[in-house]
Protein chains: 2
Amino acid sequence: MSRASNRAYETIRSMILSGELPAGGQLAEEALAERCGVSRTPVRDALRRLESDLLVTRTDTQRSFVADWSLDDVADAFELRAILEGRAAKRAAERMSDAALERIRAANLRIAQAIHQPTPDVGGFLDGNRDFHSEILEAAGSRRLSALLSTLIEQPVVWRTAHHYSREALVRSYNEHEELIAAFARRDGAWAEAIMAGHILRAYHAYSDAHNGLTHLDPARG
Amino acid sequence: MSRASNRAYETIRSMILSGELPAGGQLAEEALAERCGVSRTPVRDALRRLESDLLVTRTDTQRSFVADWSLDDVADAFELRAILEGRAAKRAAERMSDAALERIRAANLRIAQAIHQPTPDVGGFLDGNRDFHSEILEAAGSRRLSALLSTLIEQPVVWRTAHHYSREALVRSYNEHEELIAAFARRDGAWAEAIMAGHILRAYHAYSDAHNGLTHLDPARG
DNA sequence: CCTGAGACATTTGTATACAATAATGTCCTA
DNA sequence: TAGGACATTATTGTATACAAATGTCTCAGG
């Protein structure tokens, strides 16, 4: 599944995450093939992968649609993330190498730099954030946990609203990361687990609040 | 992915679970296609699904192999199952309909009948057990939780050793199910969660004990 | 106006051929 | 004999054609 298949996967995935393909919309293989510039074979491959990511659903008659996330689904996903990423943080704290700890520190440093621009660099924040969390997952050393979490971390609704976070919210996130680092430095699994769970659930409520007031979403960042 | 694809999936899956395809063995698409009596296309489909079930792994160069489960992997999987199925039991208890409760009772009744044969009907036990747990998952009403757990419930090593459970072990399992039913009947989520977590972890240790002494596995049941 | 049967269009499933890539073996050189 | 470049073989990736299934529309009959 090298070039064409990955291309189809990335293309379709980003079209879903960006909202270019609307939630609930049907995904016809041939149309996607044309848009991606490949044949149907790699597109089918990509749809399978996206289905296991839960970004795509299939009817009983094998038609594919962009997954439609209800508010309950989002809450559900965050709750599970809190449990599983808490678990990951605990394991990570208990078995973290000094080198891994340094990489995690470095990731949060990049986050700090992204935040303290004249206008916060949200893209940079998201990159750093992804690195931060994936380093922890790596340190946890459980392939299974990684596999389970991979289906929970990418959520279209969240992705699309990330740009609306205020600088204050970004700073709060940074501070929680610092606290996590302190827990890791002390190899305190229980502490790390508690902070991580809180971190995820706070993020959920930030998302949730933003969606109670905002019915229209301004695509401009900042 | 109707007939041929499902057939390939079921065939390969059962060959893996039964041990006919040895752990670590390579899975060449064409060879599998021939054994399944279909072309490579549905086989590739099946391999993808099996990969997301973690029954198959792929190298960085896209060669497929039967997943090789280390003891740590098994422990890991059981631990996650305990957490997630505990969660499912809690949610189920909190929102269970009377009808669902009845179906769960019925499943455990089938288990009782399977156990109390002259020689215990292990196949019947496994069927009832699967129904019991999947009814709970259904009642929990979280598609995400179901999706996550589906990758954890089928484990080749466990599957292959199920036939070695003593009648006593089967009865213990039945009794724990009865206790779960009591928790459901009272809609006590915390109780249900605790029992379920214990139930899964006990099953893990039963498996683990069986594998400390047994290096050779007798295929005969009973 | 509703309903259902049937023709037609659309979409997905499978087989096959060929291209691209990875693994393996061979032979030459140092 | 060890090691490396090259040829050979095996395996996977992609495109395409066609088969099967599903969805849609029309129109007759009530």
Would you indicate which nucleotide in D:dT12, D:dT22, C:dT14 comes nearest to any side-chain atom of B:Ser39? C:dT14

Rounded interatomic separation in angstrom, taking CG from A:Asp60 and P from D:dT22: 9 Å

note: B:Leu27, atom CG; C:dA22, atom C1'; distance rounded to Å ~ 17 Å

Sequence-distant partners of A:Glu138, side-chain contact (heavy atoms from CB on, under 4.5 Å), two or more places apart: none

What is the nucleic acid contact for B:Leu47, judged by heavy atoms within less than 4.0 Å: base, sugar-phosphate only, or nothing? nothing

Relative to each other, are the rings of B:Tyr204 and B:Phe78 parallel, tilted or perpendicular (30° and 60° limits)? tilted

Shortest non-hydrogen contact from A:Thr11 to A:Arg7? OG1-O, 2.6 Å

Evaluate B:Arg49 against B:Asn6 for side chain to side chain donor-acceptor pair (under 3.5 Å), listing each step before the verdict. CA-CA 10 Å; B:Arg49 282 194 265 171; B:Asn6 283 325; 3.2 Å; yes

Would you call B:Asp98 and B:Arg105 a salt bridge, using N to O less than 4.0 angstrom? no

Separation of C:dT11 atom C1' from A:Phe65 atom CZ, nearest Å, is 11 Å

Closest heavy-atom pair, A:Ala114 versus A:Phe125, reported as atoms and distance to 0.1 Å, is CB-N, 3.6 Å

Without decimals, in angstroms, what is the distance between A:Arg40 CZ and C:dT16 C1'? 15 Å

When rounded to whole Å, the CZ to P distance for the pair A:Arg63 and C:dT11 reads 8 Å

Whole angstroms only, please: what is the CZ-C1' distance between B:Arg3 and C:dT12? 14 Å

Which listed nucleotide (D:dG23, C:dA23, C:dT14) is nearest to the side chain of A:Thr61? D:dG23

Quick one: which of C:dT14, D:dA15, C:dT12 gets closest to the side chain of A:Gln26? C:dT12

The test is side chain to side chain donor-acceptor pair (under 3.5 Å); show your working for A:Thr151 and A:Asp53 and say whether it passes. CA-CA 5 Å; A:Thr151 74; A:Asp53 293 345; over 6 Å; no

Can you sort out which residues in residues 28-36 of chain B have a heavy atom within less than 4.0 Å of DNA chain D? Ascending by number, please. B:Ala28, B:Glu29

note: B:Arg48, atom CZ; C:dT14, atom C1'; distance rounded to Å ~ 17 Å

